[in-house]
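Here it is, the structure in full.
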Amino acid sequence: MANKLHLITYGCQMNEYDSERVAGLLRERDYELTADAHEADVILLNTCAIREKAEDKVYSKLGELKQLKAARPHLVIGVMGCMAQLQQGEVRRRAPSVDLVFGSPAIARVGELVERARRERRPVLETAEAPLVKLTAKPAGADRLKAFVTVMEGCEKHCTFCVVPRTRGRERSHTPAAIVAEIEGLVAEGCREVTLLGQTVNAYGRDLTPPTDLAALFERVNDVEGLARIRFTTSNPYNLTPRLIRAMREVPKVCEWFHLPLQSGSDRVLARMNRGYTAARYLELIDELTEAVPGIALSTDLIVGFPGETDEDFELTVEVVERVRYDNVFAFRYSRRPGTAAADMEDQVPDEIKAERNARILEVAGRVGAERSRALEGRVLPILVDGRARKDPGEMTGRTRCNRVVNFDAHGRDLLGLVVPVLVTRALPHSLRGELAGAGAEARVLAATG
Ligand code: SAM
């Protein structure tokens, strides 16, 4: 009988990608996934260290699992990913029932590590650097239509608030050939959309010999037959080049959607964050993007309550949100991360002020985002259909190229995986409502989107 693996993933898309690979690698060793922790032989927590709250969730889950382990002593509990890399000692101290701790560089060896933990019955720790390996093993039953593809690992930015350079190591790009081969494999299984992932994905390729870049990778991926859409995240304004902006306009499968973290609209705060750009430079880039790619949807990350952030600094961030008119804003309260430069800065902002600023920015972003949604009413847009609507399984759901969810009545037709024209009839708070547009429009949209 197969061994059972229960896998819990916290954090970013890169962690989701890593978890799929871990499940795929363990499947090759006869482990099948189970949604029920009670029947698992191995439980792995893929962790995030970006904010304190993410870590608290892991410790509270480990507390729950302690009881399971007491009832089933043969159970192996493992902690992997960013928190494991950063705090191996702390994890072992606070959660002695953990048998296995390993960081992202060791993922390729997960099979061997799990077997060792099961065999030796003593804690196994593996958090050293390791060579870059492109992992492509994927579990059966993973989402067929859309996939994440990590194109580079690590981060060499030194933002003063961030732990990522310490958890994911140096920047290392996978070769275009390895990435294209992975995407071809995914498309052969029915995938129609890929999101290329990297911590600073627009710095892709500069470490390769010969060096290359994301624009060149777009061209290669665009040539994969059967693939309909390309997305990418996360970009850093510092590395955003005119060449990439041109590629966004010219490479047909690259969607009109761009996630460009601003973090703050105040130059004083940006300098203390060590972001390497000013608000004016950021806005210049936004103007270049919106000029080159009409209708582009923009989203961003913001940190509120960074040490020393005054009301005036915060108002400058609000101004940028109003000016850019983002489709979507991810706002985070600054979280003090041990070992980062900002953790030791004076003038830490009290929690109540962070909460107030967070609520305010979400309110402004919600209003702006709703206006952007309403502007789509009455338009016919190509929708990549990716499933049944959550609230009404009689309806189908999909996304626009600018990444908006649209639910519509498919009149009993199974349109899964197809790109179809949908007339947007109503903008709701978190999605759009639409109806299938006529056959003429369908032909036009299919011709335009491939
Ligand atoms: N590498 C990307 C960049 O620098 O633009 C994003 C990486 S991070 C996984 C996602 C977001 O988490 C960041 O853009 C930032 O807004 C937020 N973040 C990172 N460190 C944080 C901290 N200490 N407190 C609050 N938010 C944080």
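Along the sequence shown, residues carry numbers from 1. First listed ligand is number 1; within each ligand, the first listed atom is number 1.
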**Prompt:** Once the angle between the rings of Phe161 and Phe306 is folded into 0 to 90°, is it parallel (under 30°), tilted (30 to 60°) or perpendicular (over 60°)?
**Reply:** perpendicular
**Asked** So which heavy atom in the protein is nearest atom 24 (N) of ligand 1, and how far is it from that ligand atom?
**Response**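 Atom 24 (N) of ligand 1 sits closest to the protein heavy atom Ser335 N, 2.9 Å.
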**Message:** Using a 4.0 Å cut-off to any heavy atom of Arg333, which atoms of ligand 1 qualify?
**Reply:**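 Result: 24 (N), 25 (C).
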**Asked** Ion pair present between Lys146 and Glu193, side-chain N to carboxylate O less than 4.0 angstrom?
**Response** no
**Asked** Does the gap between the ring centers of Phe232 and Phe218 come in under 6.0 Å?
**Response**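 Yes, the ring centres sit under 6.0 Å apart.
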**Prompt:** Looking only at protein heavy atoms, which one is nearest to atom 12 (O) of ligand 1, and how far off is it?
**Reply:**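 That would be Arg51 NH1, 3.2 Å.
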**Item:** Residue and atom name of the nearest protein heavy atom (relative to atom 11 (C) of ligand 1), distance in Å to one decimal
**Value:**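 Of the protein heavy atoms, Asp301 OD2, 3.4 Å lies nearest.
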**Request:** Return yes if some donor-acceptor pair links the side-chain N/O of Glu156 with the main-chain N/O of Glu171 below 3.5 Å, else return no.
**Result:**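 Flag set: sc Glu156 to bb Glu171 pair under 3.5 Å.
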**Prompt:** Under a heavy-atom criterion of less than 4.0 Å, does Val164 contact ligand 1?
**Reply:** no
**Asked** For ligand 1, which atoms, with element, lie under 4.0 Å from some heavy atom of Pro261?
**Response**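 Those atoms are 5 (O).
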**Prompt:** Looking only at N/O atoms, are Thr200 and ligand 1 under 3.5 Å apart anywhere?
**Reply:**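 In this structure, Thr200 places no N or O atom under 3.5 Å from an N or O of ligand 1.
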**Request:** Have a look at Arg168, Arg336, Arg275, Arg337 and point out the one with the heavy atom closest to atom 3 (C) of ligand 1.
**Result:** Arg275
**Prompt:** Quick check: does any side chain N or O of Asp213 sit under 3.5 Å from a backbone N or O of Arg206, one acting as donor and the other as acceptor?
**Reply:**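 Not a single qualifying donor-acceptor pair exists.
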**Request:** Consider every N or O of Ser235 and every N or O of ligand 1, then say whether any pair is closer than 3.5 Å.
**Result:**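 Looking only at distances, the answer is no, because the N/O contact criterion of under 3.5 Å is not met.
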**Message:** One pair to check against side-chain contact (heavy atoms from CB on, under 4.5 Å): Val324 and Thr300. What are the steps and the verdict?
**Reply:** CA-CA 10 Å; Val324 175; Thr300 201; over 6 Å; no
**Prompt:** Taking atom 21 (C) of ligand 1 as the point of reference, which of Phe332, Phe161, Phe330 owns the nearest heavy atom?
**Reply:** Phe161
**Exam field: side chain Arg51 to backbone Arg333, donor-acceptor pair closer than 3.5 Å** = no
**Lys157 near ligand 1 by a heavy-atom separation under 4.0 Å** =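 No, Lys157 has no heavy atom closer than 4.0 Å to ligand 1.
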**Request:** Indicate yes or no: does Arg360 engage Glu315 in a salt bridge with an N to O separation below 4.0 Å.
**Result:**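 Salt bridge present between Arg360 and Glu315.
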**Message:** With a cutoff of 4.0 Å, is Ile50 in contact with ligand 1, counting heavy atoms of the residue only?
**Reply:** yes
**Asked** So which protein heavy atom does atom 16 (O) of ligand 1 come closest to, and at what separation?
**Response** Gln263 OE1, 2.7 Å
**Message:** Centroid separation under 6.0 Å, is that true for the rings of Tyr277 and Tyr238?
**Reply:** no
**Item:** Nearest neighbour in protein (non-hydrogen) for atom 1 (N) of ligand 1
**Value:** Gln199 O, 2.8 Å
